[in-house]
Amino acid sequence: MPVLLVIEDGPEYEEFARLFLAERYAIVAARSAAAALARAPEADALLIDLRFERARPEDLIGDAEDAARRLFAGDVERARRWLKEQQGTLILGALREAGHAQPAVFVHDFAPRRLENLNKLYGRVGAVPGFDARSILATLEALA
Amino acid sequence: MTRELAARLAHDVGKYVARIAKNAPADGPFPAALVPLLVEDLYASPGGGRPSARFAALAPPGELAAVREAFAAIDALEDAVRGGDPGACRRACALALEVEAALRASAREAG
């Protein structure tokens, strides 16, 4: 059975996946970028949360000071919030950089242009607006 | 409403409140195995607090009245949902889907 790696900062995606996706995938979970990088070699597909509001600062990836300089006129607090709000895409970037090219689906209502950009940057990225198991499975299949 | 706030409401409240509601079977008996997770979605937010309280804390006063009403109805169903009453669970699922749709529409509108 293919393995789905669920990447999020809480238990909700994993609970959902074990209930509604487990007929098609063996479910494994990671709560941080480091854990996702460690588990990625065994995964055939990725299900990723975008916002990591509950993550501990030390578990986040991304350089807040650099982001503050580049994006927020030096406002480090705003940059720290941004790192949490975009952590899922940053983790996907780290996975791609490490050579993990599995299909990745976000449960998020991205604007079409944003999704297009994510695909240009990372490849094989899909998005489903809510926890809709059928749509998630169909999107993962389409990207496989 | 700011784009950031609308996105936060759609994510922190709308998406999670409808997690089980979106996948519960449309007819037949409401699966008992789903009741505890439905209760979690409807009455405990990720990160703490009830979704209705999280919504009330974040939403600007006077906006999203339909969502306020839906949450009032969801909260009124709490005892019956916790008890696994199938009619209450189905009604609460329908209300949760209304909340999700309204908050997603609001986020799209905000850009």
Side-chain angles (χ1 to χ4, degrees), chain A residues 6 8-24 29 31 47-56 71-72 75 77-89 105-115 127-139, chain B residues 2-26 30-51 54 57-58 89 93-111:
Chain A
V6 177
E8 64 169 335
D9 62 341
E12 294 82 13
Y13 278 59
E14 186 183 356
E15 289 171 350
F16 161 81
R18 291 191 186 285
L19 264 178
F20 298 112
L21 309 179
E23 281 185 11
R24 303 279 284 282
R31 300 277 165 85
L47 182 66
I48 313 179
D49 191 9
L50 178 65
R51 300 170 74 108
F52 277 53
E53 304 283 354
R54 292 165 285 173
R56 298 178 306 176
L71 303 171
F72 302 108
D75 184 341
E77 274 315 301
R78 178 68 193 94
R80 287 203 179 104
R81 286 203 305 276
W82 180 82
L83 289 183
K84 286 188 168 190
E85 289 164 6
Q86 301 300 324
Q87 189 64 194
T89 58
V105 170
F106 287 90
V107 181
H108 191 79
D109 196 8
F110 285 118
R113 192 164 179 176
R114 175 91 196 282
L115 186 59
V128 174
F131 285 102
D132 180 336
R134 279 187 195 171
S135 299
I136 289 169
L137 289 170
T139 305
Chain B
T2 65
R3 177 176 157 179
E4 199 174 46
L5 178 55
R8 172 170 274 200
L9 279 166
H11 177 273
D12 294 6
V13 180
K15 187 170 91 175
Y16 289 100
V17 81
R19 181 183 61 151
I20 295 301
K22 280 187 104 63
N23 299 282
F30 195 88
L34 297 185
V35 172
L37 289 171
L38 179 63
V39 167
E40 198 178 291
D41 289 354
L42 299 176
Y43 305 114
S45 284
R50 296 163 74 88
R54 181 106 175 108
L58 290 173
C89 290
C93 283
L95 290 161
L97 294 174
E98 284 176 25
V99 168
E100 187 202 32
L103 293 180
R104 197 194 300 165
S106 163
R108 278 192 186 144
E109 212 171 279

At a 4.5 Å cut-off on heavy atoms, which part of [X] comes close to chain A: side chain, backbone, both, or neither?
| X | value |
| --- | --- |
| B/Ala10 | neither |
| B/Arg8 | both |
| B/Asp41 | neither |

| A/Arg134, CZ: over 12 other non-hydrogen atoms inside 6.0 angstrom | no
| field | Flag if over 12 foreign heavy atoms under 6.0 Å of CZ, B/Arg3 | value |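 No, not enclosed.
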Taking side chain as everything from C-beta outward and backbone as N, CA, C, O, which of these in [X] sits under 4.5 Å from a heavy atom of chain B? Side chain, backbone, both or neither.
| X | answer |
| --- | --- |
| A/Arg51 | both |
| A/Asp109 | side chain |
| A/Asp49 | side chain |
| A/Ala133 | both |
| A/Glu12 | both |
| A/Phe16 | both |

| task | For residues B/Arg104 and A/Pro129, report the shortest heavy-atom separation together with the two atoms involved. | result |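 Reported closest heavy-atom pair: CZ-CB, 3.4 Å.
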| request: State whether the side chain of B/Lys15 and the backbone N or O of A/Val107 hold a donor-acceptor pair below 3.5 Å, judged by distance alone. | output: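 The answer is yes, because a donor-acceptor pair under 3.5 Å joins these two groups.
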| side-chain contact (heavy atoms from CB on, under 4.5 Å) between A/Leu19 and B/Asn23, intermediate numbers included | CA-CA 10 Å; A/Leu19 264 178; B/Asn23 299 282; over 6 Å; no
| field | Max heavy-atom pair count under 4.5 Å with chain A, selected residue of B/Arg19, B/Arg108, B/Glu4, B/Glu100 | value | B/Arg19
